[in-house]
Amino acid sequence: MTFRSIMSRLVHRLRGNADAPRSPNFFDLSDLHPIGNMRGGLITNKAGRAVLRARHRGRDVKLYEAHSPQHARFIAAVSAALPDLFPEVLELRGAWVMAEWIEGRPPEGAIQERQAEALRRIHALPPEDLPPAGFCYLRDFLLPRYLRAAALAGEASTLDAIAAQTESAGDARIVMHPDLSPDNLLRAADGRLVCIDNELLCTGRLPLLDLCNAMRPLGQDQRNRLAATWFEGAPPAQDQIERTAKAWMMREAGSAFITGRMSNCAKMISASKGELVAKLPFAGTIDRTGP
């Protein structure tokens, strides 16, 4: 299938989605193209849905698919609740989200404190003041990838047990951002520090999983600084660490699977019944004798 035919189908989906309420101008888009350039552009986001750049009434916009129309409404509500941290959502059309395009530069200086501050603000949003998320990072993103990987490795029977152990109904559900990495933070022209990739916003019960994802691209010294900033001398409870470790194993195994690193994937899945806490990106910075 050619690039042109793929783009044609995306435009058809955008304009002809029977489940989407029609806007008067179908977003009034022009110059629709994937993020980046023709060779290096990205057509899909991390969840495998379309992400594009376009022009809308004389301004650049980002157009992407949420998990569902309900999820799109949730993203818009979170963005409105923290307007200095998230791009403005301009319009929704079913599961499609059109947001302002942010031009900016990487944040100056150490980023770890800014990551921790942004995550705390997101986690502090009351879920009861927002519409239902319509998307769960663990069950709708991590588990499907892990299921495919585990099936190939002959370990699919471990899936349900691991999933049941990962989220506990006793933990408070919070707003989560599983993709608050330094690469997704820009200093906008107006001075705001803006998170530009928000397709995985959701609610969940594993705040430390957000911390792991925020740490993943960092070097060890940077990870240590972020962990020190996040924990501030108060390590999390051991059961939360252990449940986060199971979810992190699923995340890393799934990532290895979709990038073709099958030997790494098989090793992670085989280790799923053993000690996983040591594999967490912040494991070396916590007091294992804590509560």
Side-chain angles (χ1 to χ4, degrees), residues 13-14 17 19-29 35 44-54 56-57 59-102 104 114-142 167 171-181 184-186 188 190 192-207 209-211 213-214:
R13 283 167 58 190
L14 171 62
N17 185 350
D19 296 328
R22 288 179 175 270
S23 66
N25 53 26
F26 300 112
F27 281 147
D28 193 19
L29 297 172
I35 301 296
T44 63
N45 60 25
K46 294 178 179 66
R49 295 176 180 84
V51 53
L52 306 160
R53 183 175 179 175
H56 172 73
R57 299 178 181 176
R59 67 187 295 186
D60 287 334
V61 296
K62 179 180 178 180
L63 184 70
Y64 60 92
E65 289 181 292
H67 183 74
S68 65
Q70 187 181 53
H71 186 218
R73 292 191 291 272
F74 176 80
I75 291 172
V78 172
S79 300
L82 295 173
D84 59 322
L85 184 59
F86 295 116
E88 179 186 3
V89 173
L90 303 172
E91 192 175 344
L92 303 178
R93 175 174 158 75
W96 291 92
V97 178
M98 183 174 69
E100 66 172 322
W101 181 266
I102 300 295
R114 297 172 180 83
Q115 286 180 279
E117 179 187 2
L119 276 179
R120 285 197 180 97
R121 293 181 64 199
I122 294 167
H123 289 176
L125 289 173
E128 61 271 16
D129 293 344
L130 301 166
F135 172 71
C136 174
Y137 177 65
L138 176 66
R139 294 204 169 270
D140 296 325
F141 182 71
L142 293 187
E167 278 202 328
D171 292 333
R173 184 168 290 278
I174 63 168
V175 178
M176 292 182 59
H177 195 308
D179 200 15
L180 200 73
S181 72
N184 292 337
L185 290 170
L186 286 181
D190 59 8
R192 292 181 297 157
L193 184 67
V194 183
C195 184
I196 57 172
D197 283 314
N198 305 301
E199 293 92 333
L200 297 180
L201 274 169
C202 63
T203 58
R205 295 187 171 96
L206 290 173
L209 192 55
D210 280 359
L211 181 67
N213 279 306

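For the numbers below, each heavy atom of this structure counts, side chains included, while hydrogens, waters and symmetry mates do not.
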State, to 0.1 Å, how close [X] and [Y] come at their nearest heavy-atom pair, and which atoms those are.
X: Gly134; Y: Ser68; result: O-OG, 3.6 Å
X: Ala72; Y: Gly94; result: CB-O, 3.6 Å
X: Val175; Y: Phe74; result: CG1-CZ, 4.2 Å
X: Leu200; Y: Pro178; result: O-CD, 3.2 Å
X: Trp96; Y: Leu52; result: CZ3-CD1, 4.4 Å
X: Met176; Y: Gly204; result: SD-CA, 3.5 Å

Mark yes or no for whether [X], through its side chain, and [Y], through its backbone, hold a donor-acceptor pair below 3.5 Å.
X: Asp210; Y: Leu206; value: no
X: Lys62; Y: Pro87; value: no
X: His71; Y: Leu201; value: yes
X: Glu65; Y: Ala50; value: yes
X: Gln115; Y: Ala214; value: yes

- request: Determine whether Val51 and Leu63 make a side-chain contact, defined as any pair of heavy atoms from C-beta on separated by less than 4.5 Å.
  value: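 No, their side chains stay 4.5 Å or more apart.
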
query: Atom CG in Asp179, atom CG in Asn184: separation rounded to 0.5 Å?
result: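 Asp179 CG to Asn184 CG: 4.5 Å, rounded to 0.5 Å.
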
Partners meeting side chain to side chain donor-acceptor pair (under 3.5 Å) with [X] (sequence neighbours left out):
X: Arg192; result: Glu100, Asp190
X: His177; result: Asn198
X: Asp140; result: none

Listing, residues 79-86 side-chain donor-acceptor contacts under 3.5 Å, not counting sequence neighbours, or none:
{"unit_1": "Ser79", "atom_1": "OG", "unit_2": "Ile75", "atom_2": "O", "d": "2.8"}
{"unit_1": "Asp84", "atom_1": "OD1", "unit_2": "Arg121", "atom_2": "NH2", "d": "3.0"}
{"unit_1": "Asp84", "atom_1": "OD2", "unit_2": "Arg121", "atom_2": "NH1", "d": "2.9"}
{"unit_1": "Asp84", "atom_1": "OD2", "unit_2": "Arg121", "atom_2": "NH2", "d": "3.3"}

field: Partner residues of Leu193 under the side chain to side chain contact (heavy atoms under 4.5 Å, CB included) criterion, sequence neighbours left out
entry: Pro107, Arg114, Leu185, Arg187

message: Could you work out, with ring-ring contact (aromatic ring centres under 6.0 Å, His included) as the rule, every residue matching Tyr137, not counting sequence neighbours?
response: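 Here the qualifying residues are Phe141.
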
task: Apply side chain to side chain contact (heavy atoms under 4.5 Å, CB included) to the pair Ile174 and Thr203, showing each step before the final yes or no.
output: CA-CA 5 Å; Ile174 63 168; Thr203 58; over 6 Å; no

- request: Please report the C-alpha distance between Asp197 and Tyr64 in whole Å, then the side-chain angles of each, then the deciding distance to 0.1 Å, and finally whether the side chain to side chain contact (heavy atoms under 4.5 Å, CB included) criterion is met.
  value: CA-CA 10 Å; Asp197 283 314; Tyr64 60 92; over 6 Å; no

